[in-house]
*Asks:* 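Can you keep this structure in mind? I'll have questions shortly.
First listed ligand is number 1; within each ligand, the first listed atom is number 1.
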Amino acid sequence: MNCPYTQEQNSSLLPLNTLDKTGRHPCFSFNAHLKFARMHLPVAPYCNINCNYCNRKYDCLHESRPGVTSEILSPESAHQKYKFVKEKIGNLSVAGIAGPGDALANWTNTRKTIELIKQTDPEVIFCLSTNGLKLPEYAPRIVELGIKHVTVTVNCLDPEIGERIYRFINYKGKRYKGIEGAGILINNQLAGIEYLAGCGVAIKVNIVAIKSINDRHIPDIVKKVKELGVFITNIMPLIPAEGSAFANLPQISMKDLNKLRNACQADLQQMYHCRQCRADAVGLLGDDRSFEFSSVNKVCCQ
Ligand code: CLF
Ligand code: SF4
């Protein structure tokens, strides 16, 4: 799957109109993360796969991890909220769609939200986060919409490892499990990444490090996605979420995680400053203000 727009790109050859934005993106640029804020618009409730580490039912304002949000917004309310937050946070540079499900499994909402915000703020950087299953279908539309920053979570290249991480995928009206499901997911992720990178989109690959399941395989993932033109990888520790299949798995230690990141840094730029944000996070990466801007005024898990 090759991008029809440009012949060849790689991370060091991102076009200037992408690189200019990357310098203001707090996740893609370490230097930007203390200066620029991001806002997640939780307009994507559905997901088309089932990762064993995910539990989106657990909504808690004290909980900070991907998949958690206090409210789901329509594209129109997300647009209203964006305008409100932009007035209060002048250094807001990124509008991101990071769930709580999958941005591409909710494409109508995702596209509409981006179109509405673009009319108000043509300078904002749009950012999408996806499991990648629908990338072959939507990558051309991502490019057409002018999105220059995309994150794809790739936890393995080998379907035999994948069947231990993904319970199932729902694809083109059918449910696939085991090696077959993991194989389709991995193929789609890699094809979509190659296409987007070829079109000059900056790609970050998130990798969830899961002890004794994929941790030793991670350097191979980094090498492979580098070949495909990925800009940066973000190796994150598993958060054993209550109620998920991996609730009782041990977490990788920060020492081992950083060892892994340092080893992979020899191949490709690594992200060290990820905060594993909520799907409705607002503010600087290190200063989540989502509670301040949530219309759901409740406190849970006291
Ligand atoms: Fe959001 Fe993700 Fe875009 Fe950033 S988060 S969609 S790339 S704007 Fe950033 Fe948060 Fe880590 Fe994600 S700190 S979890 S890497
Ligand atoms: Fe949960 Fe994201 Fe996996 Fe979907 S892709 S099951 S939302 S972690």
*Asks:* Out of curiosity, is H33 lining ligand 1, as in a heavy atom under 4.0 Å away?
*Replies:*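 For ligand 1, residue contact (heavy atoms, under 4.0 Å) with H33 is absent.
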
*Asks:* Could you tell me whether atom 1 (Fe) of ligand 1 has an N, O or S atom of H40 under 2.8 Å away?
*Replies:* yes

*Asks:* Identify, by atom number and element, the atoms of ligand 2 in contact range of I49, meaning under 4.0 Å from any of its heavy atoms.
*Replies:* 5 (S), 6 (S)

*Asks:* With no hydrogens and no angle check, just 3.5 Å: does a side-chain donor-acceptor pair link N206 and N234?
*Replies:*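 The criterion, which ignores hydrogens and geometry beyond distance, is satisfied for N234 and N206.
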
*Asks:* Under 4.0 Å, counting heavy atoms only: does C127 come that close to any atom of ligand 1?
*Replies:*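 For ligand 1, residue contact (heavy atoms, under 4.0 Å) with C127 is present.
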
*Asks:* Fit a plane to each ring of F30 and H273, take the angle between them on a 0 to 90° scale, and name the class: parallel (under 30°), tilted (30 to 60°) or perpendicular (over 60°).
*Replies:*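 Geometry flag for H273 against F30: perpendicular rings.
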
*Asks:* Just jot down the ligand 2 atoms closer than 4.0 angstrom to any heavy atom of N131, in number order.
*Replies:* 5 (S)

*Asks:* Counting heavy atoms only, which part of C51 comes closer than 4.0 Å to ligand 2: side chain, backbone, both or neither?
*Replies:*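 Both parts.
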
*Asks:* Are V201 and L145 linked, directly or through other ILVMFWY residues, by side chains that come within less than 4.5 angstrom of each other?
*Replies:* yes

*Asks:* Check each atom of ligand 1 against the heavy atoms of K204 and keep those under 4.0 Å away; list them by number with element.
*Replies:* 7 (S), 15 (S)

*Asks:* For ligand 1, which atoms sit closer than 4.0 Å to a heavy atom of L285?
*Replies:*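 Here the atoms of ligand 1 in question are 13 (S).
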
*Asks:* Classify the ring geometry of F246 against Y53: parallel below 30°, tilted from 30° to 60°, perpendicular beyond 60°.
*Replies:* tilted

